[in-house]
Protein chains: 2
Amino acid sequence: MSTKALRKEEEENLLRRADDLCRQNNLRLTPIRERVYRELVQSGGPVGAYDLVDRLSSEKKRLAPVTIYRALDFLRDAGLVHRLATQNSYVISHGQPDVNAMKIMFVDSKTGETIEVHSTEVAEAVKKAAEQAGFKSVSPFMEVEGEIAH
Amino acid sequence: MSTKALRKEEEENLLRRADDLCRQNNLRLTPIRERVYRELVQSGGPVGAYDLVDRLSSEKKRLAPVTIYRALDFLRDAGLVHRLATQNSYVISHGQPDVNAMKIMFVDSKTGETIEVHSTEVAEAVKKAAEQAGFKSVSPFMEVEGEIAH
DNA sequence: ATAAAAAACGTAATAACGTAATAATATAGG
DNA sequence: CCTATATTATTACGTTATTACGTTTTTTAT
């Protein structure tokens, strides 16, 4: 089987999972939201909001930024997409929902390429540090810049 | 001694340390750069770039955004200031230069208040996760959102 | 000392990112 | 069907950050 076909399959898997997740939580994966999600899946990496505007706009119909931002907000709330603040961009979250793990997005400082890793060890260490800082709850997402070993 | 005096003293400490650091590394802490740094120290928390523009502008002379951004870039490169990507703002780095520690900026999701904690434990756990991800080097700064326990 | 090179700064314009306000449309529940 | 609510469209506006280019200041080397 070709890698292209494999990727296509993986794509469909993600879409199906997203669909299931929304169904189970009574969330509505409307056409626009699904198109945004699909575009992120297909891109295979972080994409900026205005990039999404361009990619999802046709000649006839240009989407407004706010439309994309709303879709992104929805997808983020659903836990399907993660915002990379350092890059002003958005990526698919490859998360099997392990509540105890920290979802770390490693971002290559040069290329912007990302790799997601889940770690309960980091989660625990961060939690401990948070207590020191007087923080009670802590986001399960974090972003770390670095350099890919090529 | 009043808390105000204490703060003033702390302020001068930071300024002196910044001065020393620059001297030792052949970096030039020019007037503008020092004013930006001092303003951040005095504010006691994160400040936006355009806020800095306002605060450092007089009626006679309005500074251009780019002037502030340049000063911030310098201060960031020197390790004196950290950018909070999630907040589009900038804060003093309270770092005794412990190379082995991760400098974690906890950011209160509601108020934007920040607390900096250094942790070698987190550094190690993140390093391990980074290896899994195929990352060779990793930024010693990270930003974690959460909620302050009030 | 002085010329050449490099770093810092000023000014203006503009790009990139994000939100507010308002109206129209679709969807779910009674 | 009808009403309440969620979603989408459109326009305008606000904030954040960068680019381009010329001038001044500082450093380096002769």
Side-chain angles (χ1 to χ4, degrees), chain A residues 18-19 22-37 39-40 46-78 80-91 107 109 112 143 145, chain B residues 18-19 22-23 25-37 39-40 43 46-78 80-91 107 109 112 143 145:
Chain A
D19 212 80
C22 289
R23 219 177 290 282
Q24 283 164 26
N25 294 83
N26 257 320
L27 303 173
R28 297 180 15 210
L29 194 61
T30 63
I32 285 190
R33 293 167 179 173
E34 184 178 333
R35 282 172 67 202
V36 169
Y37 184 71
E39 190 60 42
L40 285 171
V47 184
Y50 277 69
D51 250 25
L52 289 168
V53 170
D54 290 341
R55 296 187 194 183
L56 298 181
S57 290
S58 64
E59 291 186 5
K60 299 176 184 175
K61 186 153 192 55
R62 177 158 185 88
L63 294 178
V66 69
T67 303
I68 299 299
Y69 280 109
R70 275 194 295 250
L72 288 171
D73 285 346
F74 170 87
L75 294 168
R76 289 170 65 194
D77 286 347
L80 292 167
V81 163
H82 182 45
R83 168 170 144 83
L84 298 182
T86 60
Q87 314 287 311
N88 287 329
S89 63
Y90 301 82
V91 284
V107 183
S109 306
E143 203 178 327
E145 290 186 82
Chain B
D19 213 78
C22 289
R23 219 176 291 281
N25 293 83
N26 257 319
L27 302 173
R28 289 157 46 187
L29 193 60
T30 63
I32 285 190
R33 293 167 178 173
E34 185 179 333
R35 284 172 67 201
V36 170
Y37 184 70
E39 190 61 41
L40 284 172
S43 84
V47 184
Y50 276 72
D51 251 24
L52 290 168
V53 170
D54 291 340
R55 296 187 194 182
L56 297 182
S57 290
S58 65
E59 291 187 5
K60 298 176 184 176
K61 185 152 192 57
R62 176 157 188 88
L63 293 178
V66 69
T67 302
I68 299 299
Y69 280 108
R70 279 196 287 240
L72 287 171
D73 286 346
F74 169 87
L75 293 169
R76 289 170 65 193
D77 287 347
L80 292 167
V81 162
H82 182 47
R83 169 170 141 84
L84 297 182
T86 60
Q87 315 286 313
N88 289 329
S89 63
Y90 302 83
V91 285
V107 183
S109 306
E143 198 177 332
E145 289 186 85

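Note that these values count all heavy atoms, side chains included, but never hydrogens, waters or copies made by symmetry. Naming: A, B, ... by sequence-line order, numbering from 1 per chain.
Neither OP1 nor OP2 of C/dC17 sits under 4.0 Å from any side-chain N or O of A/Y90. Under 4.0 angstrom from either OP1 or OP2 of D/dT18 there lies no side-chain N or O belonging to B/R70. OP1 or OP2 of D/dT7 has not a single side-chain nitrogen or oxygen of A/T30 nearer than 4.0 Å. The side chain of B/K61 places no N or O atom within less than 4.0 Å of a non-bridging phosphate oxygen (OP1 or OP2) of C/dC9.
One atom, CZ of B/R35, and another, C1' of C/dA8, lie 15 Å apart when rounded to the nearest Å. If you measure from atom CG of B/L52 to atom C1' of D/dT16, you get 13 Å, rounded to the nearest angstrom. In this structure, A/F74 atom CZ and D/dT5 atom C1' are separated by 16 Å, rounded to whole Å. The interatomic distance linking A/N88 (CG) with C/dA15 (C1') rounds to 13 Å, in whole Å. Computed from coordinates, the A/L63 CG to C/dG18 C1' distance equals 16 Å when rounded to whole Å. C/dT19 atom P lies 17 Å from atom OH of B/Y50, rounded to whole Å. Atom CD1 in A/I68 sits roughly 12 Å away from atom C1' in D/dA9 (whole-Å rounding). Rounded to an integer number of Å, the gap from A/R76 CZ to C/dG18 C1' is 12 Å.
Counting only heavy atoms from C-beta outward, the side chains of A/Q87 and A/P46 never approach each other to under 4.5 Å. Counting heavy atoms from C-beta on, the side chains of A/H82 and A/R76 never come closer than 4.5 Å. Considering only heavy atoms from C-beta on, B/V91 stays 4.5 Å or farther from B/V81 through its side chain.
A/I68 and A/A49 make their closest contact through CG2-O, 3.8 Å (heavy atoms, listed as atom of the first residue, atom of the second, distance). Residues B/V107 and B/G112 approach most closely at CG1-O, 4.1 Å, considering heavy atoms.
Mapping B/D51 and A/R62 onto DNA chain D by nearest heavy atom places A/R62 closer to the 5' end of the strand. Each of A/P65 and A/A71 has a nearest nucleotide on DNA chain D; the 5'-most of these lies closest to A/A71.
Across C/dC9, D/dT7, D/dT27, the shortest atom-to-atom separation from the side chain of A/R33 is found for D/dT7. In this structure, of D/dT19, D/dT10, C/dA28, it is D/dT19 that holds the atom nearest to the side chain of B/V66. The side chain of B/A64 approaches C/dT11 more closely than any other nucleotide in the set D/dA17, C/dT11, D/dA6.
By the 5.5 Å and 30° criteria, A/Y69 is not stacked with the base of C/dT19.
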